[in-house]
Amino acid sequence: MTLQECYAALDGDFAGVSGRLPSEKFIQKYVLKFLDDGSYELLLRSMEEENWEEAFRAAHTIKGMCQNLDFTRLYRSSSALSEALRHGITPEAPALLEQVRTDYGQTADAIRAFREGLGT
């Protein structure tokens, strides 16, 4: 799988990120680091513990990473969840969390497939 194919699989904007970041190797480095970030696990734990402030920060961090890397689908869902949590829990937050789970899974699966193709 190429990096462009990875972006297609995770519903990202490779052309957009390529226009902003200096090289494909640079993009690849940060795409692979995405899986090492603990924000997703923190989001899940914080939601379970009803720590809305921490859940907001985690969702906001995911949103920012996705915006920088042009992970379009996960950016949209994490942005919506972040806004829903900005001032505490809202009725729509649980459904938005489920969308983030789905989108994160798709994103992580695409990155793992890309990484496996690199042999790392």
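The basis for the numbers below is simple: all heavy atoms, side chains too, and nothing from hydrogens, waters or symmetry mates.
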(request) Count the heavy atoms of every other residue, nucleotide or ligand shown that sit under 6.0 Å from CD of Glu48, and state whether that count exceeds 12. (result) no
(message) Tell me every residue that passes side-chain hydrogen bond (donor to acceptor under 3.5 Å, both in side chains) with Asp109, counting only those two or more places apart in sequence or in another chain.
(response) Arg112
(message) Could you work out, with side-chain hydrogen bond (donor to acceptor under 3.5 Å, both in side chains) as the rule, every residue matching Asp11, not counting sequence neighbours?
(response) Arg73
Among all residues two or more places apart in sequence or in another chain, which pass the salt bridge (charged side-chain N to carboxylate O under 4.0 Å, His left out) test with [X]?
{"X": "Arg45", "result": "none"}
{"X": "Asp13", "result": "none"}
{"X": "Arg101", "result": "Glu98"}
{"X": "Arg57", "result": "Glu53, Glu54"}

For a quick test of reading the model, state the closest non-hydrogen atom pair linking [X] to [Y] and the distance between them.
{"X": "Leu43", "Y": "Ala55", "answer": "CD1-O, 3.5 Å"}
{"X": "Ser77", "Y": "Asp103", "answer": "OG-OD2, 2.8 Å"}
{"X": "Ala110", "Y": "Ala9", "answer": "CB-CB, 3.8 Å"}
{"X": "Thr107", "Y": "Leu10", "answer": "CA-CB, 3.9 Å"}

Min side-chain heavy-atom separation [X]-[Y] under 4.5 Å:
{"X": "Leu21", "Y": "Asn68", "answer": "no"}
{"X": "Val31", "Y": "Gln28", "answer": "no"}
{"X": "Leu85", "Y": "Met47", "answer": "yes"}

(request) Look at the side-chain heavy atoms of Ile, Leu, Val, Met, Phe, Trp and Tyr, link any pair under 4.5 Å apart, and say whether Leu42 and Leu81 land in one connected group. (result) no
Going by side chain to side chain contact (heavy atoms under 4.5 Å, CB included), name the residues that satisfy it together with [X], two or more places apart in sequence or in a different chain.
{"X": "Ser18", "result": "Phe14, Ile27"}
{"X": "Gln67", "result": "Tyr75"}
{"X": "Lys33", "result": "Lys29, Tyr30"}
{"X": "Arg76", "result": "Thr72"}

Under 3.5 Å, sequence neighbours excluded: what are the donor-acceptor pairs made by side chains of residues 87-96?
| unit_1 | atom_1 | unit_2 | atom_2 | d |
| --- | --- | --- | --- | --- |
| Thr90 | OG1 | Ala84 | O | 3.2 |
| Thr90 | OG1 | Glu92 | OE2 | 3.2 |

(message) Going by salt bridge (charged side-chain N to carboxylate O under 4.0 Å, His left out), name the pairs with one or both residues in residues 62-72, residues two or more places apart or in two chains.
(response)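 For residues 62-72, and leaving out neighbouring residues, the salt bridge (charged side-chain N to carboxylate O under 4.0 Å, His left out) pairs sorted by first residue read Arg20-Asp70.
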(message) Ring-plane angle category for Phe71 and Phe34, please: parallel below 30°, perpendicular beyond 60°, tilted otherwise.
(response)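 It falls in the perpendicular class, over 60°.
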(request) Nearest 0.5 Å please: distance from the CD1 atom of Ile111 over to the CD atom of Glu116. (result)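 Output value for this atom pair is 12.5 Å.
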(request) Quick one: pull up CE in Met1 and OH in Tyr7 and give me the separation to the nearest 0.5 Å. (result) 13.0 Å
